[in-house]
Amino acid sequence: MNSLGDLRRSHYSKEINPDMNDEEILVMGWTHEIRDLGGIIFVLLRDRDGLVQITAPSKKIETDLFEKLRKIKKESVIAVKGKVQGSPKAPGGVEVIPSQLYILNESKQPLPLDPTEKVRAEIDTRLDSRFLDLRKPSISAIFKIKSTMLHSVRVFLEKNGYLEINTPKLVASATEGGTELFPITYFEREAFLGQSPQLYKQIMMSSGFDRVYEIAPIFRAEEHDTLRHLNEVISIDIESSFMDQHDVMDVLEKLVIQTITDVTENCETELEVLGRDLQVPETPFEKIEYDDLIDMVNSKGVPIEHGEDLSRAAEKAMGEIMDGYYFITGWPTEIKPFYVLHEEETPEKSQAFDLMYKDLEISSGATRVHQHDLLVEKIKGKGLNPESFERYLAAFEYGMPPHAGWGLGAERFNMTLTGLNNIRETVLFPRDRRRLTP
RNA sequence: GCCCUGGUGGUGUAGGGGCUAUCAUGCGGGCCUGUCGAGCCCGCGACUCGGGUUCAAUUCCCGGCCAGGGCGCCA
């Protein structure tokens with residue numbers, strides 16, 4: 001069939017129930033499985049929300065239709081018109097007796113992987129044929145949860161006075177330091193893909209927007225090859241004026257709780273498909289001082305010295321000690337970026353924090369430096385050139401309020417909700433060291 | 001980038017210096033009126049690439065590419 005014509009879906013699979021007995025309906029979707037028993041054919045039609053059984057007893061339907069049904073290829077797109085029949089023998093207690101079958105698009109055979117999941121496929125195979133992989137209920141569940149998660153985050157932040165903003169991903173400068181950037185050609189100049197909206201959301205504080213958030217991709221050109229890193233991820237970023245680290249930690253904690261609550265309430269089926277028993281954690285989240293963390297990690301037999309960032313071994317040691325979400329506070333100023341404010345009394349200690357889930361860092365944030373001269377000094381202290389930050393620094397010379405903020409990795413947050421251990425699972429089309437397609 | 005392991009039908013696997021290369025799933029055909037991982041019968045389909053050793057390499061050795069795991073890198 002080249003065109004849909006008048007055909008329109010009347011119901012999704014999950015909307016069909018035994019109370020609709022004898023009702024004429026039209027379902028659309030993919031042929032998940034066909035079981036041809038000779039005198040009766042069962043076709044499992046799958047749509048976004050699940051499966052519905054099309055039952056065709058030879059005696060009850062026309063021969064042409066019967067023959068057409070037995071020849072459908074798996075994963076073809078079909079529309080079926082028929083009558084609902086409640087039946088205790090049918091899965092879900094309900095089935096459809098077909099009167100019309102429309103093959104909207106036939107699928108090639110054999111399939112590059114098995115959407116019924118009788119034979120598992122490796123992630124590499126799955127990502128190559130991601131469109132098919134995503135037809136599996138256990139895979140689409142991840143993205144339904146991600147959708148709910150992002151919606152929940154937006155609703156929460158809007159309710160708390162945050163305005164959604166968009167900042168450029170094409171940036172001029174590679175001078176923020178730290179991570180490697182992807183260079184690109186910008187007409188006659190070199191430019192880069194943004195590693196973080198950090199400097200822009202701070203400029204917005206000087207603009208008087210008070211509270212802003214952005215949910216957008218960030219790019220990191222690191223050659224990392226782990227289950228927790230990708231080269232393109234979605235960052236959930238906030239920045240808040242007239243707040244310090246404690247205030248924004250509180251926002252973050254409430255956001256995490258609200259999101260988990262929403263996911264447990266709205267994604268029951270998806271969590272079940274994933275075998276995930278998600279519980280709303282108790283609050284407040286434990287706060288561990290960096291100084292104490294050093295002792296905790298050392299006590300596990302993992303060497304770490306004061307002033308060091310956490311090695312993977314150190315993170316794992318913490319993962320063994322801690323269960324669920326917790327903050328790490330009081331990081332050494334030395335290992336934090338220039339825009340992080342230090343404690344007044346003890347300048348070697350910063351007002352920066354990380355939010356961890358077991359052994360996984362999911363967010364980091366801080367009270368920011370809001371005084372121009374101090375910021376210049378800090379930039380110099382990191383061996384960077386203040387001249388490259390001219391436009392950023394200008395925002396600090398004409399009334400920059402004290403402010404704080406954080407960035408939360410959307411995929412890593414999703415991993416904590418779904419219980420997945422490979423970040424690739426949480427991105428539709430992941431970008432890693434080797435993969436640039438599809 | 002480093003270390004370890006691996007690459008066998010479309011998919012997931014077993015195996016292994018010479019024999020028709022194992023199994024499951026799938027695909028094609030046939031039988032079957034209640035399947036729900038349907039069942040039964042017949043058939044189809046594979047040793048990552050390059051070089052080396054050898055009478056003989058899918059198997060052993062070296063290298064490439066790719067993958068899995070671990071680490072590093074990741075303001």
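Side-chain atoms are counted along with the backbone in the values below, which use heavy atoms only and exclude waters and symmetry mates. Just so we're on the same page: letters track the sequence lines, and every chain starts at 1.
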Quick one: label [X] by what it contacts on the DNA or RNA (base, sugar-phosphate, nothing), any heavy atom closer than 4.0 Å.
X       : answer
L227(A) : sugar-phosphate
P91(A)  : base
Q53(A)  : base
Q109(A) : sugar-phosphate
D225(A) : base
T125(A) : sugar-phosphate
I41(A)  : nothing
E95(A)  : base
K74(A)  : sugar-phosphate
R120(A) : sugar-phosphate
S311(A) : sugar-phosphate
K316(A) : sugar-phosphate
A90(A)  : base

For L355(A), the option from L360(A), V256(A), I328(A), T416(A) that meets side-chain contact (heavy atoms from CB on, under 4.5 Å): V256(A)
Would you mind reading off the distance between [X] atom [atom1] and [N] atom [atom2], rounded to a whole angstrom?
X       : N       : atom1 : atom2 : answer
F219(A) : rA75(B) : CZ    : P     : 17 Å
R424(A) : rA67(B) : CZ    : P     : 9 Å
D124(A) : rU11(B) : CG    : P     : 11 Å
R312(A) : rG72(B) : CZ    : P     : 8 Å
K108(A) : rU11(B) : NZ    : P     : 13 Å
H224(A) : rC3(B)  : NE2   : P     : 20 Å
I40(A)  : rA38(B) : CD1   : P     : 15 Å
L37(A)  : rA38(B) : CG    : P     : 11 Å

[N] and [M]: how far apart are their [atom1] atoms, nearest whole angstrom?
N       : M       : atom1 : result
rG43(B) : rC47(B) : C1'   : 22 Å
rG68(B) : rU13(B) : C1'   : 15 Å
rA75(B) : rU5(B)  : P     : 32 Å
rG69(B) : rG63(B) : P     : 24 Å
rC42(B) : rC23(B) : P     : 13 Å
rG34(B) : rA38(B) : P     : 16 Å
rU53(B) : rG17(B) : C1'   : 11 Å
rU8(B)  : rA46(B) : P     : 14 Å

From R135(A) atom CZ to L113(A) atom CG, the distance as rounded to the nearest 0.5 Å: 9.5 Å
Should [X] and [Y] count as an ion pair when the cut-off is N to O under 4.0 Å?
X       : Y       : result
D133(A) : R130(A) : yes
R434(A) : D225(A) : yes
R70(A)  : E67(A)  : yes

The single option from F353(A), Y325(A), Y357(A) passing ring-ring contact (aromatic ring centres under 6.0 Å, His included) against F285(A):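 Going through F353(A), Y325(A), Y357(A) one by one, the ring-ring contact (aromatic ring centres under 6.0 Å, His included) with F285(A) is satisfied by Y325(A) alone.
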Side chain of S58(A) - closest among rU35(B), rU33(B), rA75(B): rU33(B)
Candidates rA38(B), rC71(B), rC32(B) - which lies nearest the side chain of D36(A): rC32(B)
Lys/Arg cation over aromatic F389(A): R391(A), 6.0 Å, 45° cone: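 Geometry flag: not set, cation outside 6.0 Å or 45°.
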Salt bridge (charged side-chain N to carboxylate O under 4.0 Å, His left out), paired with D359(A), selected from R312(A), K316(A), R412(A): R312(A)
5'-most by nearest nucleotide on RNA chain B - K59(A) or P337(A): K59(A)
Earlier contact from the 5' end, RNA chain B, for K71(A) and A121(A): A121(A)
Donor-acceptor pair present, E117(A) side chain and rG12(B) base, under 3.5 Å: no
